[in-house]
**Student:** 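Sharing a structure here in structure tokens format.
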Amino acid sequence: MMRGRFISIEGGEGAGKSTMVERLTTWLESRGHRVITTREPGGTVLAEKIRAILLNDDHAELCSQAELLLMFAARAQHLEELIRPALGRGETVLCDRFTDATWAYQGGGRQMPAALIAGLEEMVHGDLQPDLTLLLDLPVELGLERASRRSEADRFEQEPLRFFERVRQAYLDRAAAKARRFAVIDASGDIEQVWAQIEAVVERRLG
Ligand code: TMP
């Protein structure tokens, strides 16, 4: 059986990923795809427990290396339990964030060495990458303003503006370096404007 499609959605805080994940799931299902919608960090019972450790804003002392390793620990569990089996069954996996988020947040934001991230990526899923990555890009201040209206700030959202500027730049650099896999979506507009771009890209790239 053909391996299923693997689509990831990325972006900074307040980019509107959740809304677009919901829309895209419905759209893919209406076209006959069997879709598994999931997220990182998380997606399985154990990986969601790791997520809770990572996002809890009481954990200010969590060091960058532990943060990086926990991201990949959650990912290893997620791949083993959910992503690889679903792709093996020919299902479409739609994942809210994947390893590009580690390159952006731990690489760009925390300025962890690229060699370290590359080594862990190779160990955890060297042979498997998304077929398509939608990067929802928007100015940092606009995103943070939207995110602050939505919910309480988690541990990452406590970071200063310059952290999120580095995250955005790291995402854009990665999209430029891997242009065949990435599609950069202008997420500064309203829901319909953002969705129209996503629909066009997915139609074109995945047929
Ligand atoms: P979310 O708010 O989009 O659910 O993502 C949770 C937070 O985790 C978000 O601030 C980004 C962060 N994150 C990383 O720092 N590295 C990663 O590899 C992933 C997947 C998420």
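When a ligand or atom number is given, it counts from 1 through the structure's own listing order. Here the structure is a predicted model, which means the values were calculated and not measured.
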**Student:** What do you reckon, does Tyr105 have a nitrogen or oxygen under 3.5 Å from a nitrogen or oxygen of ligand 1?
**Tutor:**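 N/O-N/O distance under 3.5 Å: no.
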**Student:** Under a heavy-atom criterion of less than 4.0 Å, does Glu157 contact ligand 1?
**Tutor:**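 Flag not set, Glu157 not near ligand 1.
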**Student:** Please confirm whether Glu67 comes within less than 3.5 Å of ligand 1 when only nitrogen or oxygen atoms on both sides are compared.
**Tutor:**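 Looking only at distances, the answer is no, because the N/O contact criterion of under 3.5 Å is not met.
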**Student:** For Glu13 and ligand 1, does the shortest N/O to N/O distance drop below 3.5 Å?
**Tutor:**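 There is such a contact, yes.
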**Student:** Heavy-atom contacts with Pro41 under 4.0 Å: which atoms of ligand 1 show up? List them by number with element.
**Tutor:**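 Numbered from 1, ligand 1 contributes 8 (O), 19 (C), 20 (C), 21 (C).
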**Student:** Numbering the atoms of ligand 1 from 1, which are under 4.0 Å from a heavy atom of Arg51?
**Tutor:**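 The list of qualifying atoms is 1 (P), 4 (O).
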**Student:** Between Thr102 and Arg97, does the side-chain hydrogen bond (donor to acceptor under 3.5 Å, both in side chains) criterion hold? Intermediate values first, please.
**Tutor:** CA-CA 9 Å; Thr102 308; Arg97 300 194 187 280; over 6 Å; no
**Student:** In terms of relative ring orientation, are Phe163 and Phe156 parallel, tilted or perpendicular, with 30° and 60° separating the classes?
**Tutor:**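 Judged by the thresholds at 30° and 60°, the geometry between Phe163 and Phe156 is tilted.
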**Student:** Could you check if a side-chain atom of Glu10 sits within less than 4.5 angstrom of a side-chain atom of Asp96, using non-hydrogen atoms only?
**Tutor:**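 Counting from C-beta outward, Glu10 and Asp96 never come under 4.5 Å.
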**Student:** Does a side-chain N-to-carboxylate-O contact under 4.0 Å join Asp131 and Arg180?
**Tutor:**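 Salt bridge absent between Asp131 and Arg180.
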**Student:** Give the residue, atom name and distance (to 0.1 Å) of the protein heavy atom nearest atom 5 (O) of ligand 1.
**Tutor:**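 In this structure, atom 5 (O) of ligand 1 has Arg97 NE, 3.1 Å as its nearest protein heavy atom.
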**Student:** Quick check on contacts: which atoms of ligand 1 are under 4.0 angstrom from a heavy atom of Ala101?
**Tutor:**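 In order of number, 16 (N), 17 (C), 18 (O), 19 (C), 20 (C).
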**Student:** Can Arg84 and Glu80 be counted as an ion pair, charged N to O under 4.0 angstrom?
**Tutor:**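 Salt bridge absent between Arg84 and Glu80.
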**Student:** Between ligand 1 and Met71, can you find any atom pair, the residue atom being a heavy atom, that is separated by under 4.0 Å?
**Tutor:**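 A heavy atom of Met71 does come that close to ligand 1.
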**Student:** What I want to check is whether the side chains of Gln77 and Glu48 have a donor and an acceptor closer together than 3.5 Å.
**Tutor:**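 Looking only at side-chain atoms, Glu48 and Gln77 do not form any donor-acceptor pair under 3.5 Å.
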**Student:** Near Glu40, which atoms of ligand 1 are under 4.0 Å from a heavy atom of that residue?
**Tutor:**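 What qualifies from ligand 1 is 20 (C).
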**Student:** Should Ile9 and Leu79 be regarded as members of a common hydrophobic cluster, given that ILVMFWY residues are connected when their side-chain heavy atoms come within less than 4.5 Å of each other, either directly or indirectly?
**Tutor:**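 Hydrophobic grouping puts Ile9 apart from Leu79.
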**Student:** Hydrogens and angles aside, do Thr92 and Arg5 bring a side-chain donor and acceptor to less than 3.5 Å of each other?
**Tutor:**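 Checked: Thr92/Arg5 side chains show no N/O donor-acceptor pair below 3.5 Å.
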**Student:** Does the residue Leu55 have a heavy-atom contact with ligand 1, meaning some pair of atoms that are separated by less than 4.0 Å?
**Tutor:**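 Under 4.0 Å: yes for Leu55.
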**Student:** Examine Thr102 against ligand 1 and note whether any of their N/O atoms are separated by less than 3.5 Å.
**Tutor:**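 Yes - when backbone and side-chain N and O of Thr102 are compared with those of ligand 1, one distance drops under 3.5 Å.
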**Student:** Are Tyr171 and Phe182 close enough that their ring centres sit under 6.0 Å apart?
**Tutor:**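 No: the rings miss the under 6.0 Å criterion.
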**Student:** Looking only at distances, can you tell me whether any N or O atom of Arg75, backbone or side chain, sits closer than 3.5 Å to an N or O atom of ligand 1?
**Tutor:**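 Right, the criterion is met.
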**Student:** Closest non-hydrogen protein atom to atom 16 (N) of ligand 1, residue and atom name please, with distance?
**Tutor:**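 So the nearest neighbour among protein heavy atoms is Gln106 OE1, 2.8 Å.
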**Student:** What atoms of ligand 1 come within less than 4.0 Å of a heavy atom belonging to Lys17?
**Tutor:**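 Checking each atom against Lys17, I get 3 (O).
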**Student:** Going by the angle between their ring planes, with limits at 30° and 60°, are Trp27 and Trp195 parallel, tilted or perpendicular?
**Tutor:**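 Judged by the thresholds at 30° and 60°, the geometry between Trp27 and Trp195 is perpendicular.
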